[in-house]
Amino acid sequence: MIIVGLSNSLPVAGLMARKLRAPWFAVEKNHFPDGEIYMRFSKNVKDQHVVLVQSFHPYPQEALIEIVWAAAQSRAQGAKSVVLAAPYLGYVRQDKEFHSGEAVSVRILAGLLSRYVDRIVTIDPHLHRIKDLETVFACPVKVVTANGLLADFIKKNYVGCVVVGPDEESEQWAAAIARSIKVESTVLVKTRFSSQRVRVKLKGDIDVKGKIVVIVDDIISSGKTIAEAAKLMKKFGPKRVVTVSVHGVFAGKAIFWMKKAGVREITSSTTIESAYAKIDVAELLANAVE
Ligand code: R5P
């Protein structure tokens, strides 16, 4: 096996290689003067099982092209198999034609990637209507969850906390995390008006007075969901409000909005690299590709 790190996930690729005791290299990627990408493998992967490691954030378009180029290059060199290990799999949220004429991204992605890779491994993809990615991808897709890692982090860093999911969808991971560390949890009810405007309200009762409120979510994008949830929870006298997420996209002014709303600490996993990515997913992903 050989690990090939693509631009968005070099640290994770290096760590995975160490866990798997496999060689690895980073693709050499550049741009031609007109913006087209140039890619080169510094090692030949003939007869190897290749694992491409690439997250879809930042620059999802560029990230996707890199995957296709690297997969095609692996095959051109005679790789035995090509696996895509995508810590954060993009383009899965547009899973239906909400408005007439819209392209259904997840189906297009599935059609494209299934042609180039033999298998996909990913962490907590954001699935709504499509519950199983194997119903749209023509290749096997293995999904693993970072819930256990989030739970360990919360248990170690936030003694005396309650776990809050910011919307009903988050119940699956909020409840599982809370159960595993034996703390209380609740979820809020969210109404989304636009990609930048949401409202949340309480669903059930939970006593947060004097406790640390840990708002957990799978993805933080605009930060508005967490910001609204934090504003609401602060009304009930918590000791402090923090957030822990799997995929810290932190688009635009997300960090600003969350801090303004009183979120004191922001932590995400390393599925997406950032200054807030502190929960390492390399071992989880390494075990999944083996
Ligand atoms: C929604 O269903 C997800 O679980 C997240 O709550 C959502 O993607 C967060 O988005 P934003 O940070 O833009 O509010």
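Hydrogens, waters and symmetry mates are skipped; everything else that's a heavy atom, side chains included, is used. Counting convention: from 1, in listed order, for ligands and their atoms alike.
What sits closest to atom 5 (C) of ligand 1 on the protein, heavy atoms only, is D217 OD2, 3.3 Å. Of the protein's non-hydrogen atoms, D218 OD1, 2.7 Å is the one closest to atom 4 (O) of ligand 1. Ranking the protein heavy atoms by distance from atom 13 (O) of ligand 1 puts S222 OG, 2.6 Å first. Looking only at heavy atoms of the protein, atom 8 (O) of ligand 1 is closest to R93 NH1, 3.3 Å.
Closest to atom 10 (O) of ligand 1 by heavy atom, among K224, Q196, R192, is R192.
Ligand 1 has D167 within reach: a non-hydrogen atom of the residue lies less than 4.0 Å from it. The shell of residues lying under 4.0 angstrom from ligand 1, judged by heavy atoms, excludes S170.
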| said: Applying side-chain contact (heavy atoms from CB on, under 4.5 Å) to I154 and C161, what does each step give before you reach the verdict? | reply: CA-CA 8 Å; I154 293 168; C161 72; 3.7 Å; yes
| query | Which is it for H49 and V83 under the side-chain contact (heavy atoms from CB on, under 4.5 Å) test, yes or no, and what are the steps along the way? | reply | CA-CA 8 Å; H49 291 290; V83 174; over 6 Å; no
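Under a cut-off of 6.0 angstrom, the local environment of NZ in K201 is sparse, with at most 12 non-hydrogen atoms contributed by other residues, nucleotides or ligands.
In this structure, the side chain of Q94 does not engage the main chain of Y91 through any donor-acceptor pair within 3.5 Å.
Between I181 and A151, the closest heavy-atom pair is CG2-O, 3.5 Å.
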